[in-house]
Amino acid sequence: MDEKYFAKKIEAKWQKKWAESGAFAASEDGSKPKYYQLEMLPYPSGNLHMGHVRNYSVGDAVAWFKRLKGFNVLHPIGWDSFGQPAEDAAVKRGVNPRDWTEENIVSMRGQLQRLGLSYDWSREIAAHRPEYYKWDQWFFLKMFEMGLAYKRKTQVNWCEHDQATLSNEQASGGLCWRCGNPVTKKELEQWFLKTTAYADQLLDDMAAIESGWPAHVIKRQRDWIGRSEGAFVDFKVKDSEEKVRVFTTRIDTIYGANAIVAAAEHPLISANKAEFSTEVNAKIDEIITERNKPTDRETEIEKDGIDTGLKAINPFSGEELPIWVGNYVMMEYGTGAVMSVPAHDERDFEFAKKFELPIRQVISEPHLAHEHHTMHALALEVPFTDKGVLVHSDFWNGKTSEDAKSEMTKHAAVHGFGEAATTYRLRDWGVSRQRFWGSPIPIVYCDACGTVPVPIEELPVELPENAPITGTGESPLAKVSEFFNTKCPKCSGPATRETDTMDTFVDSSWYFFRYLDPNNAEKPFDNTKAAYWTPVDQYIGGDDHAVMHLIYARFWSKVMRDIGLVEFDEPVHRLLTQGMVVGETFYDDSTGKRKYFSQVDVTIERDEKGKIISATGTDGTVLKHAIERMSKSKGNGVDPDEMVEIYGADATRLFVLFAAPVDNELVWHEAGIEGAVRFLQRVWRFVFKWRDTLRSATRDAGTEELTPAAKKLLQKTHQTIKRVEDALDTLQFNTPVAAMMELTNSLYEAQIEPEAATGSEKAAVHESVNALITMLTPFAPHTAEELFSAIHGSDEGMIVGGAKFPVYRSELAASDEIEIAVQINGKLRSRISAPAGAANAELERLAMADPKIVEHISDQTVVKVVVVPNRLVNIVVR
RNA sequence: GCCGGAGUGGCGAAAUUGGUAUACGCACCAGACUCAAAAUCUGGCGGGGGCAACCCCAUGUCGGUUCGAGUCCGACCUCCGGCACCA
């Protein structure tokens with residue numbers, strides 16, 4: 001056994017031992033409580049980045065902590081291995097996407113293993129393998145059967161740069177989520193999954209998980225689903241049998257309507273195009289063209305529109321209203337038409353101002369309502385969007401907005417021109433991709449039978465070996481005739497296969513259930529295994545997946561529940577989103593050009609405080625210092641492999657956990673990681689100094705009286721146990737490291753030497769060191785294992801050896817004497833020492849007797865004394 | 001524009017949830033060891049004043065509540081995220 005800390009050697013040793021002993025292999029075991037620790041699975045790009053290291057270090061700390069606390073822990077990992085980069089590689093370098101992906105998995109698996117992450121590798125899965133994607137197809141067919149998967153013609157979001165269709169989520173803000181280029185529109189037949197069927201459940205079930213999820217994720221999901229309660233109202237079109245239906249949340253404002261504004265794509269508009277003037281049609285076309293242009297989210301689009309000449313009748317007032325086309329009304333939301341009430345809506349107000357339409361106030365602030373009865377409509381300077389009391393609304397005058405809403409909705413329903421309605425922002429999930437590297441959609445098209453699902457026995461529909469991948473946007477599968485041409489499962493006549501593949505978010509919507517039963521050939525997973533392990537106890541990943549992935553995964557679970565695979569509503573009880581890892585970048589200040597330097601190439605000059613005065617490159621250029629997201633192009637990325645090679649996996653992981661709270665951004669500072677190494681070495685040196693003594697010493701001091709040093713050390717030890725345990729329970733990883741550093745400092749400061757120690761001191765050091773090592777395991781497992789074996793004289797490892805998290809004993813953590821702060825008028829003036837648990841009167845007496853206090857209050861009157869037991873005495877004087 | 005979150009040393013950050021602000025680490029300074037350097041160890045390290053014991057000021061700004069406020073309340077400033085014509 002080496003007495004010098006040599007990370008590489010012990011890390012390789014323990015990684016081997018863990019693998020050989022199957023230390024992290026999980027199985028259903030009713031004798032222990034289960035714990036499912038999950039981290040978001042990586043895309044196999046070929047290289048781990050520091051964001052992965054942070055995500056997985058945090059997850060591993062939780063997994064180890066729960067293991068040491070006696071849980072049966074499942075901690076799996078796999079690969080989100082379908083997706084575009086594999087096709088890009090195929091286009092650029094002519095490689096086979098499968099080979100490229102498999103090679104990347106091999107290299108990244110090696111990286112994860114060198115970090116010593118405690119995964120159950122026997123459960124590893126990869127989405128691109130037929131054994132996995134077979135079940136994507138199985139689920140698709142189930143949803144098809146249930147009417148949850150359907151096909152329709154639609155405008156899709158199209159990224160010209162990536163030559164790919166994108167979901168609404170992926171095209172959020174008019175920019176491609178992957179490459180950031182503008183998104184355009186294209187018309188295609190697409191498969192959809194009916195997420196909207198679960199909109200209410202997705203929204204309402206959040207109440208049950210709210211306490212375990214970050215507030216910002218809950219909020220974003222609520223916004224995303226965007227439920228809105230209101231009413232549909234039908235307006236008759238004058239001189240026609242047609243009606244135009246609007247959605248409104250403010251039916252109470254209907255007497256203030258001055259127009260109906262429809263989307264340019266509205267069916268009523270298309271149907272009447274022949275009737276419109278050329279000017280009107282030109283404007284309609286212009287609006288459609290403008291809308292299909294890439295949207296720039298910085299500039300607000302100016303309101304535009306035109307009066308079509310059509311008229312509608314307000315069913316409440318009987319008033320005739322012009323029907324306009326407006327660029328601010330979207331066909332995709334509500335009914336594609338609105339009643340414009342400029343007095344009480346910002347957008348309608350702006351529109352009315354621009355086109356000089358009448359603005360009529362029909363809602364008043366309650367205290368002004370009476371005046372309005374006698375006055376004519378007045379022009380508002382700004383729209384009044386609050387609720388209030390109805391005015392200029394005939395029969396409804398004087399009613400509150402709330403009452404009017406429900407009564408007017410009922411009125412509309414009774415008279416057959418409206419009904420209560422709920423709309424959602426959430427859209428159905430378009431899953432079709434004109435791509436090769438994804439799960440084929442298991443559908444066959446037959447001239448005789450139409451759209452036919454592939455029978456479940458015939459799954460998987462496998463991807464062909466060779467397909468021409470050109471990146472041009474047509475599905476490569478259409479060009480592989482042995483795939484494309486097939487027989488109809490129903491009539492055996494000639495048929496063709498669906499050539500689109502599924503969005504990769506399908507794979508990640510249910511992967512964490514496949515870990516439970518990765519080799520099942522009959523079903524996606526066994527119900528009883530799922531019942532044992534799920535829901536996931538703790539899920540950890542980046543908050544870039546706060547909406548898409550986490551809404552799809554929740555949707556998928558609800559579908560699985562309805563199929564009878566699981567029995568719960570929500571798959572994830574607790575969610576943690578870790579912050580980004582950012583790097584330092586040094587720009588060339590004189591040219592501002594793209595000349596970047598890594599930290600090692602830079603000479604930094606600081607003032608006596610340590611503040612950076614200037615930074616200079618090795619070639620003498622003056623550099624500007626910036627903290628930015630790590631990326632290859634900025635040259636500020638850090639290679640995890642390099643860190644592990646230089647400092648070791650333990651130090652790398654320890655630093656990542658210690659450097660910042662887990663949900664904060666983490667600035668990578670190479671000097672910081674050296675601090676982590678120093679700490680580990682400090683622990684190491686102490687343990688080896690004591691190794692031989694500890695091996696023969698007992699942790700039980702027996703009846704021997706504790707020396708003051710031993711007592712103090714035990715106090716610090718048990719205080720630390722509590723701090724570390726509480727922190728880990730609440731998912732804090734920086735403060736427990738600080739606590740362990742303090743304990744290490746205390747071990748040195750105790751100045752107990754192995755040769756001179758008494759029996760009780762040896763026992764105290766033994767207990768302290770043992771606790772420290774065990775608590776260190778979630779943060780630096782290799783070092784902890786090596787030190788544990790050093791003092792126990794056994795190489796079997798903590799898992800096999802049944803190591804447990806140290807047990808906190810409050811009676812040992814408490815000290816007899818406590819320092820009490822003494823304040824005068826809230827200002828700290830002195831500190832006194834008092835017995836723990838001393839009575840308030842006693843504390844007051846001691847404080848008043850303190851010489852410093854006596855001097856301070858000598859010429860003043862004591863008005864009041866506040867005593868906080870075990871904490872402070874505050875003397876109020878005048 | 002709307003909705004969130006956050007402002008504490010040179011830096012990353014702590015603070016028992018209203019009770020001794022700045023723990024722990026990084027950087028920096030000094031000392032010990034050394035021929036020397038590295039490593040390690042010891043000490044210092046918010047600002048100002050004083051020989052000193054000590055005193056004054058300080059948690060973005062201004063006010064409030066309280067015996068006592070980084071923490072609670074009100075207004076404002078700044079930064080970071082999210083959403084953006086959702087009717």
Side-chain angles (χ1 to χ4, degrees), chain A residues 172-174 214-220 222-224 226-228 230 246-250 253 261 295 297-298 300-303 326-330 332-341 345-348 350-351 423-426 543 546-547 604 606-613 627 655 658-661 663-676 678-679 681-682 685 719 722-723 726 732 734-742 744-745 748 819-831 852 855 863-877:
Chain A
S172 172
H216 73 277
V217 176
I218 294 282
K219 191 194 165 314
R220 282 180 63 186
R222 289 215 166 103
D223 288 351
W224 197 262
R227 181 161 66 193
S228 175
V246 303
F247 174 71
T248 178
T249 56
R250 292 299 302 274
T253 66
V261 184
T295 42
R297 59 202 334 270
E298 296 307 314
E300 200 179 314
I301 300 155
E302 203 193 327
K303 299 271 180 300
N327 67 343
Y328 71 102
V329 180
M330 302 180 300
E332 303 83 52
Y333 184 77
T335 63
V338 301
M339 60 179 204
S340 168
V341 186
D345 182 278
E346 303 263 1
R347 294 149 302 171
D348 296 340
E350 203 187 311
F351 193 69
T423 61
Y424 301 88
R425 213 185 88 128
L426 183 76
D543 63 5
V547 266
I604 295 169
R606 296 167 189 273
D607 63 15
E608 73 280 1
K609 294 264 176 59
K611 190 178 185 175
I612 295 176
I613 300 169
I627 303 285
F655 169 65
F658 174 61
D663 42 4
N664 278 23
E665 199 174 75
L666 168 60
V667 183
W668 189 264
H669 271 131
E670 197 123 353
I673 196 169
E674 287 170 18
R678 271 201 285 271
F679 168 59
Q681 286 176 334
R682 216 163 128 76
R685 273 196 305 273
Q719 286 163 2
K722 176 126 181 72
R723 281 174 71 189
D726 287 353
Q732 289 176 271
N734 54 334
T735 50
V737 177
M740 289 186 285
M741 286 172 169
E742 283 184 46
T744 306
N745 292 344
Y748 279 97
E819 194 182 60
I820 303 287
V822 184
Q823 301 179 330
I824 294 172
N825 289 348
K827 277 199 164 125
L828 181 69
R829 290 300 177 199
S830 184
R831 295 184 171 96
K852 284 184 203 157
E855 191 184 332
V863 180
K864 187 179 174 183
V865 179
V866 180
V867 181
V868 183
N870 291 332
R871 215 134 277 252
L872 62 73
V873 176
N874 187 17
I875 302 158
V876 186
V877 298

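Per chain, numbering begins at 1; letters A, B, ... match sequence-line order. Just so it is clear, the structure is predicted and the values come from calculations on it, not from any experiment.
- Checking B/C86, B/C83, B/C55 against every side-chain atom of A/Arg829, the shortest atom distance belongs to B/C55.
- Considering only the side chain of A/Asn734, B/A14 comes nearest among B/A14, B/C86, B/C57.
- Under 4.0 angstrom from either OP1 or OP2 of B/A27 there lies at least one side-chain N or O belonging to A/Arg678.
- Listed pair A/Arg222 / B/G4 fails the phosphate criterion, with no side-chain N or O lying under 4.0 Å from OP1 or OP2.
- B/C85 is unpaired under the criterion used here, namely a Watson-Crick or G-U wobble arrangement in which both key atom distances are under 3.5 Å.
- A donor N or O paired with an acceptor N or O is not found under 3.5 Å between the base of B/C54 and the side-chain atoms of A/Lys852.
- The partner of B/C79 is B/G5, by the rule that a Watson-Crick or G-U pair needs both atom distances under 3.5 Å.
- Out of B/C24, B/C11, B/C41, the shortest distance to the side chain of A/Arg685 is found at B/C41.
- Remark: the backbone N or O of A/Ile820 is not paired with any side-chain donor or acceptor of A/Asn870 at under 3.5 angstrom.
- Base pairing of B/G74: its partner is B/C62, meeting the Watson-Crick or G-U wobble criterion (both donor-acceptor distances under 3.5 Å).
- Between B/C67 and A/Lys864, a contact under 4.0 Å exists linking OP1 or OP2 to a side-chain N or O.
- A donor-acceptor contact under 3.5 Å is not formed by the side chain of A/Gln681 with the base of B/U40.
- For A/Phe658, the side-chain atoms get nearest to B/G25 when compared with the rest of B/C85, B/C26, B/G25.
- Residue contacts for A/Met339: at a heavy-atom cut-off of 4.0 Å it reaches no nucleic acid atom on any strand shown.
- Shown here, B/A14 forms no base pair; nothing in the strands shown gives a Watson-Crick or G-U wobble contact with both key distances under 3.5 Å.
- The cationic group of A/Arg425 does not satisfy the cation-pi geometry with A/Tyr333, failing either the under 6.0 Å distance to the six-membered ring centre or the 45° limit from the ring axis.
- Of the candidates B/C67, B/A14, B/A87, the closest approach to any side-chain atom of A/Asn874 belongs to B/C67.
- Checking B/C24, B/C41, B/A27 against the side-chain heavy atoms of A/Glu742 singles out B/C24 as nearest.
- Pairing each heavy atom of A/Leu828 with each of A/Ala821, the nearest pair is CD1-CB, 3.7 Å.
- Between A/Lys219 and A/Pro661, the residue anchored nearer the 5' end of RNA chain B, judged by the nucleotide with its closest heavy atom, is A/Lys219.
- Of the possible donor and acceptor atoms, none in the side chain of A/Asn327 sits under 3.5 Å from a partner among the backbone N and O of A/Lys303.
- When each of B/A21, B/G19, B/A15 is scored by its nearest atom to the side-chain atoms of A/Leu872, the top-ranked nucleotide is B/G19.
- When Watson-Crick and G-U wobble pairs are counted only if both distances are under 3.5 Å, B/C35 pairs with no nucleotide at all.
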